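Note that this is a predicted model, so its numbers are computed, not measured. First listed ligand is number 1; within each ligand, the first listed atom is number 1.
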Amino acid sequence: MGGARIVVVADSEEFVRAGADLVADAIGRDPTATVVAATGRSPMGVYAALAERRRAGLDASRITVVQLDEYLGLAPDDRRSLSGWMRRSFLEPLGVPDDRVMYLPVAGDLEAACPAFDEHVRERGGVDLAILGLGPNGHLGFNEPPSDRRAPTRVVGLARATVEANARYWGGDVADVPTQAVTLGMASLLDARTIVLLASGPEKHGIVRRALEGPVGPQVPASFLQETEATVIVDSAAWGEA
Ligand code: F6R
């Protein structure tokens with residue numbers, strides 16, 4: 001067992017560079033990698049930097065992307081759709097064709113479709129690279145507390161803290177945030193060969209420390225990263241150094 005590697009960076013420029021270096025290296029080593037790419041604010045600078053690197057020769061056109069999470073009950077073209085956000089921020093800027101994306105099931109018999117999705121990911125050899133953010137309550141994807149390390153892909157109810165945090169994405173009104181979602185399970189994330197967790201800003205300080213230094217368990221799902229060789233990139237505001 002290795003243990004997570006914590007990289008503390010000074011500012012947003014270093015944060016973006018460290019994240020982009022890691023992702024670009026992983027894709028460079030394995031141009032057909034299976035990749036999970038979070039939405040949310042944390043990875044946006046990294047994705048923009050990767051788009052720059054595409055102009056300088058990075059080729060992500062043959063990766064496969066596995067969707068990390070999606071709200072339930074939205075029309076496909078709803079402005080809040082996380083697949084739309086992933087498309088705008090990651091797939092299009094990096095030139096990943098839509099037919100190389102495994103979208104989570106959001107309609108029909110989800111009780112059957114979610115395990116089938118996990119099976120499909122497993123058959124393909126699992127996730128090579130997971131680019132993740134850290135929820136205010138320690139969630140990864142929408143694996144809300146409590147989530148066990150082997151939690152599968154499934155339908156989840158969003159925690160109050162998540163709904164409040166997500167309201168910032170859509171203008172600030174909590175009533176605009178769906179309360180149900182589908183998330184890729186903890187097992188697929190923790191089994192990823194390379195995991196990068198991105199966390200920045202003073203509001204992440206408490207949860208970063210709990211996740212990386214507190215007890216490992218389902219109440220803080222990200223704490224299971226302590227049992228992996230994840231790389232955690234944090235800025236000094238999130239880590240709490242002067
Ligand atoms: C988004 C996701 C979430 C976010 C997390 C942090 O696809 O899976 O787990 O990564 O809530 O969000 P930000 O980065 O906005 O602080």
Side-chain angles (χ1 to χ4, degrees), residues 12 15-16 18-19 23 35-49 65-72 74 78-91 101-104 106 127 129-147 151 153-172 174 176-190 192 195-212 220-225 230-235 237-239:
S12 61
F15 183 85
V16 160
V23 174
V35 177
V36 167
T39 54
R41 289 188 174 162
S42 307
M44 292 303 127
V46 170
Y47 296 165
V65 172
V66 176
Q67 189 178 14
L68 174 58
D69 42 20
E70 181 60 287
Y71 299 125
L72 284 178
L74 299 182
D78 191 289
R79 69 188 173 93
R80 296 162 295 171
S81 141
L82 297 183
S83 49
W85 191 350
M86 176 172 73
R87 214 172 286 126
R88 291 188 299 276
S89 65
F90 187 82
L91 302 174
V101 183
M102 292 170 62
Y103 287 104
L104 286 165
V106 290
V127 175
L129 169 66
I131 310 163
L132 302 174
L134 177 64
N137 54 2
H139 73 207
L140 295 178
F142 282 144
N143 288 281
E144 304 285 28
S147 282
T153 295
R154 66 205 185 284
V155 173
V156 289
L158 294 183
R160 180 70 194 173
T162 299
V163 170
E164 283 169 5
N166 283 202
R168 296 169 311 161
Y169 304 152
W170 320 116
V174 288
D176 269 349
V177 183
T179 53
Q180 293 272 107
V182 175
T183 186
L184 192 65
M186 292 292 289
S188 294
L189 297 179
L190 296 173
I195 303 173
V196 186
L197 180 73
L198 299 164
S200 63
E203 69 281 3
K204 293 286 166 82
H205 172 63
I207 192 61
V208 161
R209 291 285 183 163
R210 276 179 72 202
L212 300 175
V220 181
S223 65
F224 289 115
L225 293 174
T231 300
V232 182
I233 302 175
V234 283
D235 66 1
W239 190 243

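His139 places none of its side-chain heavy atoms less than 4.5 Å from the side chain of Ser147. Looking at heavy atoms from C-beta onward, Arg160 lies in side-chain contact with Val174 at the 4.5 angstrom threshold.
Atoms of ligand 1 found under 4.0 Å from any heavy atom of His139, numbered from 1 in the order shown, are 3 (C), 5 (C), 9 (O), 11 (O). Of all atoms in ligand 1, listed by their number and element, those nearer than 4.0 Å to a heavy atom of Thr39 are 1 (C), 7 (O), 10 (O). Each of the atoms 13 (P), 14 (O), 15 (O) of ligand 1 lies under 4.0 Å from some heavy atom of Arg41. Applying the 4.0 Å criterion to heavy atoms of Gly133 picks out, from ligand 1, the atoms 10 (O). For ligand 1, the atoms closer than 4.0 angstrom to any heavy atom of Tyr169 are 12 (O), 13 (P), 15 (O). Residue Ser42 has at least one heavy-atom neighbour below 4.0 Å for each of these atoms of ligand 1: 13 (P), 14 (O), 16 (O). Contact atoms of ligand 1 toward Gly135: 5 (C), 11 (O) (distance under 4.0 Å to a heavy atom of the residue).
The closest approach between a heavy atom of Lys204 and any atom of ligand 1 is below 4.0 Å. Look at Trp85 and you'll find every heavy atom at least 4.0 Å from all atoms of ligand 1. Distances shorter than 4.0 angstrom do not occur between any heavy atom of Leu82 and any atom of ligand 1.
The protein heavy atom nearest to atom 8 (O) of ligand 1 is Asp69 OD2, 2.4 Å. Distance from atom 9 (O) of ligand 1 to its nearest protein heavy atom, with residue and atom name: Gly141 O, 2.8 Å.
No side-chain donor from either of Tyr71 and Asp78 sits under 3.5 Å from a side-chain acceptor of the other.
Of all the heavy atoms of Leu134, the ones lying under 4.0 Å from any atom of ligand 1 belong exclusively to the backbone. With a 4.0 Å heavy-atom cut-off, ligand 1 is reached by no atom of Glu144.
Other residues, nucleotides and ligands place more than 12 heavy atoms under 6.0 Å from the CZ atom of Arg87.
Without hydrogens or angle criteria, Thr153 side chain to Gly185 main chain gives a donor-acceptor distance under 3.5 Å. Judged purely by atom type and a 3.5 angstrom limit, Arg41 uses its side chain to pair as donor or acceptor with the backbone of Arg168.
Evaluated for a side-chain contact (heavy atoms from CB on, under 4.5 Å) with Val182, the options Asp69, Val156, Leu82, Leu104 yield exactly one hit, Leu104.
Atom CG in Leu134 sits 10.0 Å away from atom CG in Leu198 (nearest 0.5 Å).
With sequence neighbours excluded, no residue forms a salt bridge (charged side-chain N to carboxylate O under 4.0 Å, His left out) with Arg154.
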